[in-house]
Every structure is written in structure tokens, then in C-alpha cells.
Amino acid sequence: MSHSRICRSRPLLKGFKVWMFITICCMLLIAVAFLTSDVGTTVFNFQSRLPPIPNVVKWYNYSAGDPFSGEKLAMDDPKVVKKLMSNFLLPPPKLGPKYTYYLSNPRTKDTSMGQSEKIRNILHNRKDGFFIECGALDGETRSNTLYMERFLNWSGLLIEADPLNFAQMLRKNRHAWLSPTCLSKTPYPQIVSFKQDFNIGRISDNEIGQQRSGYVDVQCFPIYSYLLALNITHVDYFSLDVEGDELDVLKTLPFDKVDIETLSVEFAHVPDGKEALKEFMTSKGYSAVAEVTHPDWLANDFIFVKNKN
């Protein structure tokens, strides 16, 4: 290379270094300003309180010797209720003046596909109610209960079996009880092999204890066990979407011992068909007052309301 070319390249290199130095300094100043601001401090403090993924995953590591995997304990057995309360229920975070949700789309008030609006109309925008939502997914995406919690001061229980979804739900900072479990299809607790597939994950027919990619062993409890653990006898709204097992789950409920006022229940994958689901709920004193559907198959739900005596 000639001496003249070398001379011309040196100013360019020097200019590039100066530009890089200025850019890095600006980025550092912006980072410092963000972290020392109220918003930055809030985000940092929240992230530092998040449980690491391994702490979430450990709840799903069961051995074949676990007593709940073999012995058929009644859903109201004190041992079942105690284990559920102590090992599989996370209490809501404490409310305060700086309480914050960490949502992907905080400006979206109603994240449901129409179910929430139907229920709110039926209950006349009731405040301070109690909900149960299963599967709750990540606590935001198509959540049927987030509006009630944020804007009507409801409390409730979110149940999500997939550990990947549950880890995301933890990060939303929902003000509700959380459970990394699934609803049992039997009137006793059981461990099942759960197929992980975001919003269409479900209980599989695989044997537990297998190390298969995309499957995880999950503890299931009958819905009545959760109500006993939380000392709840009245549920204003029960959202049930478990990819085909809805009817089996509902059949475990002692309807004479609990008061569930309204439900949205997905019917699209029920093996016996939607009419079987409607007939069962009719036999338990409920009326199907509406259907919620979506052209992209994002909703196929009955809205049930308990008949007044």
C-alpha cells in the first residue's frame, strides 16, 4: 500500500474510534439514567425478586414413589388439602401504592376473546368477586380474568400446568393465588404426563416418569381440593379451558357443597361433544345462556349461569 493511502486511512480510523467512544458513553449515560430513575428502579427491583427458572421447574420433578402417584386419597382428605396448600399454592403479592403489573400489553384492558365481557354483563360489573382460571397460560394472553382483577378488584386462583407458561405468569405479577398444577380428571390427586404446547398443552396418555422431550410430569388435584385449601365456598366465575378434559373435570365437583355462579367452559375438544357438556351442566342446575366463538378458533366456550331457586 502506498504512503498516501496509509495517510488517508488514518483519519478515517481515528474518526471511527471517536464515534465508537461517544456512542458507548451515550449508552452508559442512558443506562445509568434509567436505572436511577423511578421506572428503572422499579423494573430492577421486580426482576431481582423473580424466582429463577430452576426454582419453578423443581416443582415438576416427581418420583414414582410419591404417595400421590399411587394411593387414591379422597379430594377432601386433610393430607391432600395440607400438601396442596403448603407445596402447590403461591399467595398473591401484597398490594401497595407502588404495586405494578408487568404486562406485555398493559393498554389492552380486556385480553379475553369475549368471555370476560359476557360474564361481566351477567354479573353487572360486580366488584370484589372471586375467580378460578384453568389453564391460565401466561396470565395475560387471552386471560379471561385479568380485567376483573385489574379494574373490578377481584381476587382469585390461576392454575397452569406447563412450567414454561407458569414461569411467564410469575413475571406478570398477577394479584392472585398461583398454582403450578393441573385439574384432576378423577376425584383424587394424581400425577400425569403433560404435553407442553403453549396454549394447547394438555394431559397426555403417556406413563409418568419418562424423559420425553416436550412432556413433563405434573401433579393434579381435584378442583374441590383447591377450594378447601383456600377456604372458598363461593366462586363468582370459573374459567375452564383444558383442551378436552373439561367434562371429566366438572364431574369431580360436588356441586352440592360449592356455589359456582358463572362458568365459561371450552367445548371444542370434549370427546363426547358439546351437547354432552351442556346436558351435564343442565343436570346440575345450570343454563347455557350464550356461546362465545372466534373465527380463528381462539374461543369456543359455553357461558353457564347457575339457576336461581
Side-chain angles (χ1 to χ4, degrees), residues 42-43 45-53 55-57 59-60 84 88-96 98-117 119-120 129-183 194 196-202 216 218-221 223 226 229-230 232 235-243 249 263-266 292 294 298-299 301:
T42 300
V43 172
N45 289 339
F46 174 71
Q47 292 294 335
S48 66
R49 288 187 282 109
L50 291 177
I53 295 299
N55 284 349
V56 176
V57 173
W59 289 326
Y60 300 81
L84 173 54
F88 296 98
L89 281 171
L90 293 177
K94 293 182 179 180
L95 285 173
K98 294 185 178 180
Y99 187 85
T100 305
Y101 287 98
Y102 294 92
L103 306 173
S104 300
N105 298 287
R107 295 183 179 180
T108 302
K109 289 187 174 182
D110 188 352
T111 55
S112 78
M113 295 292 102
Q115 299 93 330
S116 177
E117 182 180 8
I119 297 298
R120 296 198 314 270
F130 185 88
F131 63 76
I132 297 175
E133 184 168 11
C134 182
L137 205 60
D138 63 3
E140 179 181 4
T141 304
R142 294 191 288 280
S143 172
N144 293 336
T145 60
L146 183 56
Y147 184 99
M148 288 91 149
E149 183 184 308
R150 291 180 69 192
F151 304 108
L152 297 176
N153 197 41
W154 284 40
S155 58
L157 167 64
L158 300 170
I159 302 171
E160 175 55 44
D162 188 330
L164 299 177
N165 294 341
F166 188 81
Q168 293 302 314
M169 183 164 63
L170 277 174
R171 284 153 171 76
K172 303 296 181 179
N173 209 31
R174 289 285 302 264
H175 190 254
W177 289 86
L178 308 181
S179 185
T181 56
C182 61
L183 294 183
F194 190 87
Q196 298 174 267
D197 200 356
F198 190 53
N199 65 315
I200 56 173
R202 60 163 299 168
V216 61
V218 177
Q219 177 71 62
C220 298
F221 292 93
I223 184 63
Y226 297 88
L230 296 176
I232 294 293
V235 177
D236 297 86
Y237 171 42
F238 180 20
S239 172
L240 182 60
D241 181 354
V242 287
E243 299 302 307
V249 166
L263 304 90
S264 63
V265 184
E266 187 182 49
V292 178
H294 191 279
L298 298 179
D301 294 50

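Values in this document were obtained by computation on a predicted structure and should not be read as measured data.
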Does any part of the side chain of [Y], heavy atoms only, come nearer than 4.5 Å to the side chain of [X], both counted from C-beta?
{"X": "P93", "Y": "Y99", "result": "yes"}
{"X": "L103", "Y": "K172", "result": "yes"}
{"X": "F198", "Y": "Q168", "result": "no"}
{"X": "L89", "Y": "L84", "result": "yes"}
{"X": "R120", "Y": "L152", "result": "yes"}

| field | Trace of the side chain to side chain contact (heavy atoms under 4.5 Å, CB included) decision for W154 with T145 | value | CA-CA 9 Å; W154 284 40; T145 60; over 6 Å; no
| task | Run the numbers on D236 and M148 for side chain to side chain contact (heavy atoms under 4.5 Å, CB included), then give the verdict. | result | CA-CA 11 Å; D236 297 86; M148 288 91 149; over 6 Å; no
Main chain of [Y], side chain of [X]: is a donor-acceptor contact present, judged purely on distance under 3.5 Å?
{"X": "N144", "Y": "S116", "answer": "no"}
{"X": "H175", "Y": "S155", "answer": "no"}
{"X": "N173", "Y": "T100", "answer": "yes"}
{"X": "S112", "Y": "G114", "answer": "yes"}
{"X": "D241", "Y": "G135", "answer": "no"}
{"X": "S143", "Y": "T111", "answer": "no"}
{"X": "Q196", "Y": "F194", "answer": "no"}
{"X": "E133", "Y": "L158", "answer": "no"}

| message | Using 0.5 Å steps for rounding, measure from the CE atom of M169 to the OG1 atom of T141. | response |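 If we round to the nearest 0.5 Å, M169:CE and T141:OG1 are 11.5 Å apart.
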| said: To the closest 0.5 Å, what do you measure between CD1 (I119) and CG (D301)? | reply: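 The distance works out to 9.5 Å.
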Compare every heavy atom of [Y] with every heavy atom of [X], then report the nearest pair and how far apart it is.
{"X": "S179", "Y": "F166", "value": "C-CE1, 3.5 Å"}
{"X": "R171", "Y": "Y102", "value": "O-CB, 3.3 Å"}
{"X": "S104", "Y": "E140", "value": "N-OE1, 2.8 Å"}
{"X": "V235", "Y": "F238", "value": "CG1-N, 4.2 Å"}
{"X": "R142", "Y": "N199", "value": "NH2-ND2, 3.0 Å"}
{"X": "R202", "Y": "V242", "value": "CB-O, 4.4 Å"}

| task | State, without any angle test, whether E149 and Y101 hold a side-chain donor-acceptor pair at a distance under 3.5 Å. | result |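 A donor-acceptor contact under 3.5 Å links the two side chains.
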| field | Candidate list I223, L263, L183, I159, test side-chain contact (heavy atoms from CB on, under 4.5 Å), partner L240, passing option | value |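 Testing each of I223, L263, L183, I159 against L240, the sole residue satisfying side-chain contact (heavy atoms from CB on, under 4.5 Å) is L183.
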| said: Please report whether the SG atoms of C182 and C220 are separated by less than 2.5 angstrom. | reply: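 Judged by the SG atoms alone, which are under 2.5 Å apart, C182 and C220 are bridged.
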| Using the ring of each side chain (for Trp, its six-membered ring), is F151 parallel, tilted or perpendicular to Y147, with breaks at 30° and 60°? |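 It falls in the tilted class, 30° to 60°.
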